[in-house]
Amino acid sequence: MSSSSRPIILTGDRTTGPLHIGHYVGSLRSRIELQHTHQQYVLLADAQALTDNAHDVDKVRSNVIEVALDYLAVGIDPELSAICVQSALPALAELSMLYLNFVSVARLERNPTIKEEISARGFGRDIPAGFLCYPAAQAADITAFKATVVPVGEDQIPMIEQTNELVRRLNRQIGHRLLPEATALISPVGRLPGVDGKAKMSKSQGTAILLSSTDQEIETAVQRIYTDPNHLRVSDPGRVDGNVVFTYLDAFDTDKEEVENLKDHYARGGLGDSFLKRRLSELLKATIGPIRERRALLSRDPDTIMDIIRHGTKLAREITERTKVEIMTGLGLFRL
Ligand code: TRP
């Protein structure tokens, strides 16, 4: 298949911190596969990161390189995937502004992900306007690339739904199907909880295992993993459900049969946490070790990283500018 006839993927990450093993099992692994069959654009979403990090621009900027390093270290191949910087793609900002005229504040507030964040973070009416509007900005990202496949986590499904609403609305006004609808590709592995068993891995709370973690850091984090608080003696029967060691083993251990045996044994009693943690620790070290080494090697050559990002951004600029002109012309806006 020639690269130009391949279906287009847009995917990306907010540049708020280096990536962790949750990103690895949730999205990076599938991107490494998909880049062989799709035209893949990977967005370093610094502009979207600003929507709730305007007070910390340094963090957002410096993590553009950190996340790019993570991408390259895990095997996203710049020959196959374009790695691009969101804030360096003006068409995305222009389309975002345009799309805001095609969506109501009420609809943005009804977006389940936005709604949940507003209440979880206690934003109320003080929510940054950019944050409230990010579903429209993400629709701009997706449509500017004419992406039909968007690999994301469950929490991002409402963004794809809202994108497709906008696509239908714009196509109706344009008079033909200029923009394709997008399909969310949900990873078979759900979001990994933090080592403490809470919903999210957090670097600042030390509950994430990073792709750049050292062996020592991996071991320390694994020691902290939440298991079954009532499993006091090895001989006690243990709970498998909600036990983070098993959640991680399910995500990383390729010997599924052995994991099932371990679960049965643990539930019956007679299997200690330390045995499981040792197995997991070895597995994580074997997975992360080569990634960390490649990352360290790459980070010694910042010029090459910059060249890769510049090249990917240039390709992305061409396609997003083209789509922007098509949309503006299609809608009948004044053109000079
Ligand atoms: N919102 C996504 C996240 O938080 C990041 C993102 C920005 C994205 N633009 C995108 C993902 C476009 C897919 C497509 O993870």
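We count ligands from 1, going down the list as the structure has it; atoms in each ligand are counted the same way.
Looking only at protein heavy atoms, the nearest one to atom 7 (C) of ligand 1 is Gln48 NE2, 3.3 Å. The nearest protein atom to atom 2 (C) of ligand 1, hydrogens excluded, is given as Gln156 OE1, 3.5 Å; this is a heavy-atom distance. Among all protein heavy atoms, the one lying closest to atom 8 (C) of ligand 1 is Gln138 NE2, 3.6 Å.
For ligand 1, the polar-atom distance check against Asp141 finds a nitrogen or oxygen pair separated by under 3.5 Å. Ligand 1 has no N or O atom lying under 3.5 Å from any N or O atom of Gln86, backbone or side chain. The distance criterion of under 3.5 Å between nitrogen or oxygen atoms is not met by Tyr134 with respect to ligand 1.
For Tyr134 and Phe131, the gap between ring centers is short of 6.0 Å.
Interface atoms of ligand 1 facing Gly12, defined by a heavy-atom separation under 4.0 Å, are 5 (C), 11 (C), 13 (C). Within ligand 1, the atoms closer than 4.0 Å to a non-hydrogen atom of Arg14 are 4 (O), numbered from 1 in the order shown. Numbered from 1 in the order shown, with element, the atoms of ligand 1 that lie under 4.0 Å from a heavy atom of Ala45 read 7 (C).
Tyr71 and Ser81 form no side-chain donor-acceptor contact under 3.5 Å, judged by distance and modelled atom types alone.
A distance-only check finds a donor-acceptor pair linking the side chain of Gln86 to the backbone of Ala47 [under 3.5 Å]. With hydrogens and angles disregarded, a donor-acceptor distance shorter than 3.5 Å links the side chain of His231 to the backbone of Asp236. Counting only distance, with no hydrogens or angles, the side chain of Arg295 and the backbone of Glu66 share a donor-acceptor pair below 3.5 Å.
With a 4.0 Å heavy-atom cut-off, ligand 1 is reached by no atom of Met159.
Considering Thr16, Val150, Leu10 only, the shortest heavy-atom separation from atom 12 (C) of ligand 1 involves Leu10.
Each of Asn63, Asp52, Asp46, Asn53 was evaluated against Arg14; a single residue qualifies, Asp52, per the side chain to side chain donor-acceptor pair (under 3.5 Å) test.
By the 30° and 60° cut-offs, the orientation of the rings of Tyr266 relative to Phe246 is perpendicular.
Atoms CD and CZ, from Gln40 and Arg6 in turn, are 10.5 Å apart once rounded to the nearest 0.5 Å.
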